[in-house]
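By convention here, the first residue in the shown sequence is residue 1. Values in this document were obtained by computation on a predicted structure and should not be read as measured data.
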Amino acid sequence: METLVFLFPQLNFLAPKEEAYFKMLGPEDLLAPRMKASNSRFKDKKSRLSLLLTKSGSHENISPEKKTATTTNNISPEAALRWSDSFEDLIRHSDGVETFSQFLRTEFSEENIEFWLACEEYKTIDSEIRLISKAKHMYSVFIEAEAPKEVNIDYASKVTIQKTMASPTNTCFDAAQSKVYSLMKKDSYPRFLTSDIYLRLTKRKGPGNTMYRRRSRSCVFNEPRGEATSDSSDWL
């Protein structure tokens, strides 16, 4: 099927004004512009999709375990071993604090070390204006109910801190800091010493790690002996 298209002389400056031009266009002539427009839209969508993928790939979804690979490479096993002497030895060193922070991120409790560090900084402030500003910020971030990084302290301690916000002092967070410190020392620190993060630093192996369980169809492998059992209850 052919379509008759008139080309008016006004669009052709060399043609007489009274002359009308026309051209017989076949189906392929009409289809070509449509295909060109369709291809253009497809390329545009493909380009936008590629851009989105590039942007999403630029923000790597790195787990806390993977983060430790690049930040703990310079810590010697000897230095890391000294952290097992006491929690005080661990918290006294910047590398120890950073490694312990990485471990707490794996347990989703990094707010404890962040609060403790904020308290240490807070106690050094000698400007009244800065002290008030910092105290209100710490209260809103760590203390008040539903705070983004609310620490696990008792209600009475929170009320006591709240009352000091009108005129905060350098010591108004001391009681809460002590409780968070005790929580990390008694609860998190022992688990840290047996964690993969710490054991990799000290070149040690975890307790009972002669048995490595892997996802398998029907068996668990005991690597030192190369044996396998088919007990389905050992599945992870």
Side-chain angles (χ1 to χ4, degrees), residues 55 58-76 78-193 195 197-198 201:
K55 287 183 178 180
S58 63
H59 301 281
E60 297 182 5
N61 182 18
I62 303 176
S63 68
E65 289 287 340
K66 291 182 180 179
K67 287 181 181 179
T68 61
T70 57
T71 57
T72 59
N73 287 339
N74 296 327
I75 302 174
S76 68
E78 293 74 21
L81 280 171
R82 286 194 289 271
W83 302 341
S84 64
D85 292 340
S86 68
F87 184 61
E88 289 72 21
D89 288 326
L90 169 69
I91 215 76
R92 186 180 298 126
H93 296 89
S94 59
D95 288 336
V97 171
E98 174 60 26
T99 307
F100 187 59
S101 299
Q102 292 167 4
F103 166 73
L104 292 182
R105 281 196 288 271
T106 68
E107 296 197 333
F108 304 99
S109 59
E110 65 271 21
E111 69 277 359
N112 291 327
I113 189 65
E114 290 178 10
F115 174 69
W116 185 85
L117 291 171
C119 289
E120 289 294 287
E121 179 186 356
Y122 176 79
K123 288 185 287 188
T124 65
I125 297 176
D126 55 8
S127 166
E128 183 178 356
I129 296 177
R130 287 187 58 221
L131 195 72
I132 294 173
S133 175
K134 181 71 172 179
K136 290 182 177 180
H137 175 73
M138 289 176 60
Y139 179 80
S140 65
V141 173
F142 297 107
I143 304 299
E144 69 178 353
E146 304 300 325
K149 297 184 178 182
E150 185 180 1
V151 292
N152 185 18
I153 59 175
D154 59 278
Y155 177 74
S157 296
K158 291 186 176 185
V159 172
T160 300
I161 294 173
Q162 183 183 24
K163 292 179 179 178
T164 66
M165 288 298 100
S167 182
T169 65
N170 288 89
T171 60
C172 64
F173 291 103
D174 282 3
Q177 183 188 20
S178 177
K179 291 178 180 180
V180 169
Y181 183 90
S182 179
L183 179 66
M184 291 190 295
K185 180 177 180 179
K186 296 178 180 178
D187 186 55
S188 302
Y189 176 61
R191 290 197 302 274
F192 167 73
L193 295 179
S195 68
I197 291 176
Y198 182 68
L201 284 178

(request) Any chance you could measure Glu128, atom CD, to Leu131, atom CG, to the nearest 0.5 Å? (result) 7.5 Å
(message) Nearest 0.5 Å, please: how far is CG in Leu201 from CH2 in Trp83?
(response) 6.0 Å
(message) Is the shortest side-chain heavy-atom distance between Tyr139 and Pro168 below 4.5 Å?
(response) no
(message) Could you check whether atom CG of Asn152 has more than 12 heavy atoms from other residues, nucleotides or ligands sitting under 6.0 Å from it?
(response) no
(request) Kindly say whether Asp95 contributes a backbone atom to a donor-acceptor pair with the side chain of Thr99 at under 3.5 angstrom? (result) yes
(message) More than 12 heavy atoms of other residues, nucleotides or ligands under 6.0 Å from NZ of Lys136: yes or no?
(response) no
(message) To the nearest 0.5 Å, what is the distance between CD on Glu107 and CZ on Phe192?
(response) 11.0 Å
(request) List the atom of Phe173, the atom of Cys119, and the distance in Å for their closest heavy-atom pair. (result) CB-SG, 3.8 Å
(message) Is there a side-chain contact between Cys172 and Thr169 in this structure, where contact means two heavy atoms from C-beta onward sitting under 4.5 Å apart?
(response) yes
(message) Glu150: which residues meet the side-chain hydrogen bond (donor to acceptor under 3.5 Å, both in side chains) condition with it, sequence neighbours left out?
(response) Lys158
(request) Heavy atoms only: give me the nearest Ala135-Met165 pair and the separation to one decimal. (result) O-SD, 3.6 Å
(message) Quick check: do Asp89 and Arg82 have side-chain heavy atoms less than 4.5 Å from each other?
(response) no
(request) Please check if the side chain of Ser178 supplies one atom and the backbone of Ala175 the other of a donor-acceptor pair under 3.5 Å. (result) no
(request) Nearest 0.5 Å please: distance from the CD1 atom of Ile113 over to the CD atom of Glu98. (result) 10.0 Å
(message) To the closest 0.5 Å, what do you measure between OG1 (Thr106) and CZ (Arg191)?
(response) 9.0 Å
(request) Could you tell me which residues satisfy ring pair (Phe, Tyr, Trp, His ring centres under 6.0 Å) with Phe115, sequence neighbours excluded, listed by chain and number? (result) Phe142
(request) Could you tell me whether the side chain of Glu88 reaches within less than 4.5 Å of the side chain of Tyr181, counting heavy atoms only? (result) yes
(message) Between Gln102 and Glu110, do the side chains contain a donor N or O and an acceptor N or O under 3.5 Å apart?
(response) no
(request) Measure the NZ-OG distance between Lys149 and Ser140 for me, rounded to the nearest 0.5 Å. (result) 11.5 Å
(request) Without swapping roles, check the side chain of Asn170 against the backbone of Ile125 for a donor-acceptor pair under 3.5 Å. (result) yes
(message) Quick check: do Met184 and Tyr189 have side-chain heavy atoms less than 4.5 Å from each other?
(response) no
(request) Measure from the side-chain N and O atoms of Ser182 to the backbone N and O of Lys179, and report whether any donor-acceptor pair falls under 3.5 Å. (result) no
(message) Hydrogens and angles aside, do Asp174 and Thr171 bring a side-chain donor and acceptor to less than 3.5 Å of each other?
(response) no
(request) Please check if the distance between the ring centroids of Phe100 and Tyr198 is under 6.0 Å. (result) no
(request) Check whether any side-chain heavy atom of Ile153 lies under 4.5 Å from a side-chain heavy atom of Ile143, and answer yes or no. (result) yes
(request) Report, as yes or no, whether the 6.0 Å neighbourhood of atom CZ on Arg130 holds more than 12 heavy atoms from other residues, nucleotides or ligands. (result) no
